[in-house]
2 protein chains.
Amino acid sequence: MDSDYGKLLDKLDTGKYKVTRQREAILQVLCDHKDEHMSAEEIYDRVRELYPDIGLATIYRTLDILTDLHILHRMDFGDGRARYELVQDKPHHHHHLICLRCGSISEVKDDLLYQLEETVDREHGFLVVDHRLQFLGYCANCRDFDS
Amino acid sequence: MDSDYGKLLDKLDTGKYKVTRQREAILQVLCDHKDEHMSAEEIYDRVRELYPDIGLATIYRTLDILTDLHILHRMDFGDGRARYELVQDKPHHHHHLICLRCGSISEVKDDLLYQLEETVDREHGFLVVDHRLQFLGYCANCRDFDS
DNA sequence: ATATCTATTGAGAAAGATTATCATTGCTGA
DNA sequence: TCAGCAATGATAATCTTTCTCAATAGATAT
Ligand SMILES: [Mn+2]
Ligand SMILES: [Mn+2]
Ligand SMILES: [Zn+2]
Ligand SMILES: [Zn+2]
């Protein structure tokens, strides 16, 4: 929705960074594809529909800035490239379900790790500030196939 | 210990793959550094002490084979290269604590995800076969520093 | 409006990890 | 001894990401 695009613009427009047409186009694409986990290349292809002459380096630079500002979250699903999504939960991130057959990525919004994080603190003296949790397996569509 | 090295040799010697001196040297290094999470390059450097003329491609090829045989587990800690460790737990893997200050990686052997995996199955119809869980934060040595 | 200053940009080179290619080597078994 | 084939090492190629640098755009001061 456009309201979210406005909020993101505000987050970017902190004085530290300029709001350029390239950065606007990138934010627009991220808003228009909220539920995907796009790679830099995929974002690049979609931004070029709005701003055909943008350079790939600008995509990478902007993704870095948005990640620093905690507007974006950078992830690794093991396919050899970083993937990004808008930060919508706090302070910790949601979990991902990766289907080993069709490659689909779905989400688990519930955290449910409080108990485990307490254990980690109590037994290892480790202060947890974030986590990355992925489940590998078979999605509802794929679990009944054999291969 | 050497007993473990013998077991690994047996796992490799299934008829599908030959037990070569290069592969023996790689297994030896993996046994001698069980508790580390070495990269291919780090393994390469250590194997060359035992077998100086080995090629880097052989390292990569062998790590692939050992991973296919479930002797090794390939991991990504977000530092731009794959890291490996001997598989010692089953069926799921243990968790890792990554210190954001000193970079140390420690382990949590307890699984404690059964409940969450049940939830994932019940509410998302997703059949879990493995997981990857990393906690980011500050280790016992680093949690009391400010920066 | 003009000059000035600086952040941003695009193109392309470079880096770094991993994979592919290919000729050579070393076993194994007839 | 020879044929067949897996394994190897050197090196090229690939792929994503970062770096470099000259050109540009936008803001500010004059
Ligand atoms: Mn997500
Ligand atoms: Mn480990
Ligand atoms: Zn699926
Ligand atoms: Zn630490």
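Chain identifiers are assigned alphabetically (A, B, ...) following the order of the sequence lines, protein sequences preceding nucleic acid strands; residue numbering begins at 1 within each chain.
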Within 45° of the axis and under 6.0 Å from the centre of the six-membered ring of B/Phe145, does NZ or CZ of B/Arg101 qualify? yes
Side-chain donor-acceptor pair under 3.5 Å between B/His94 and B/Glu107, yes or no? yes
Under 4.0 angstrom between B/Thr20 side-chain N/O and D/dT8 OP1 or OP2: yes
Atom NZ of A/Lys18 to atom C1' of C/dT6: distance rounded to whole Å? 6 Å
For B/Asp79 and C/dA15, give me the distance from atom CG to atom P, rounded to whole Å. 20 Å
Please confirm whether B/His37 and B/Tyr84 have ring centers closer than 6.0 angstrom. no
Within this structure, what is the CD1-to-P distance between A/Ile65 and C/dT8, rounded to whole angstrom? 6 Å
Can you give me the N/O atom pairs linking the protein to nucleotides 15-19 of chain D at distances under 3.5 Å, or say none if there are none?
| unit_1 | atom_1 | unit_2 | atom_2 | d |
| --- | --- | --- | --- | --- |
| D/dT16 | OP1 | A/Arg81 | NH1 | 3.2 |
| D/dT17 | OP1 | A/Ala82 | N | 2.7 |
| D/dT17 | OP2 | A/Tyr60 | OH | 2.5 |

Shared hydrophobic cluster, B/Leu12 / B/Ile54 (ILVMFWY, side-chain heavy atoms < 4.5 Å): yes
Nearest-nucleotide check on DNA chain D, B/Lys16 vs B/Tyr44; residue mapping nearer the 5' end is B/Lys16
Ring centres of A/His93 and A/His73 under 6.0 Å apart? yes
Taking only N and O in the side chain of A/Arg23, is any of them less than 4.0 Å away from OP1 or OP2 of C/dT9? yes
Would you check if there is a donor-acceptor pair between the side chains of B/Glu117 and B/His131 at a distance under 3.5 Å? yes
Separation of C/dT18 atom P from B/Glu42 atom CD, nearest Å, is 11 Å
Does a nitrogen or oxygen in the side chain of A/Gln22 sit under 4.0 Å from OP1 or OP2 of C/dG10? yes
Is it the case that A/Asp130 and A/His92 place a side-chain donor and acceptor less than 3.5 Å from each other? no
How many Å lie between CG on A/Leu12 and C1' on C/dA7, as a whole number? 13 Å
Using heavy atoms and a sub-4.0 Å distance, could you list which residues of residues 46-54 of chain B are near DNA chain D? By number, please. B/Tyr51, B/Asp53, B/Ile54
A/Arg21 CZ to C/dT9 P, in whole Å, measures 10 Å
Expressed as a whole number of angstroms, how long is the span from A/Glu24:CD to C/dT9:P? 11 Å
Is it true that the NZ or CZ of B/Arg21 lies under 6.0 Å from the centre of B/Tyr51's six-membered ring and within 45 degrees of the ring axis? no
Who passes side-chain hydrogen bond (donor to acceptor under 3.5 Å, both in side chains) against B/Glu42, sequence neighbours left out? B/Arg83
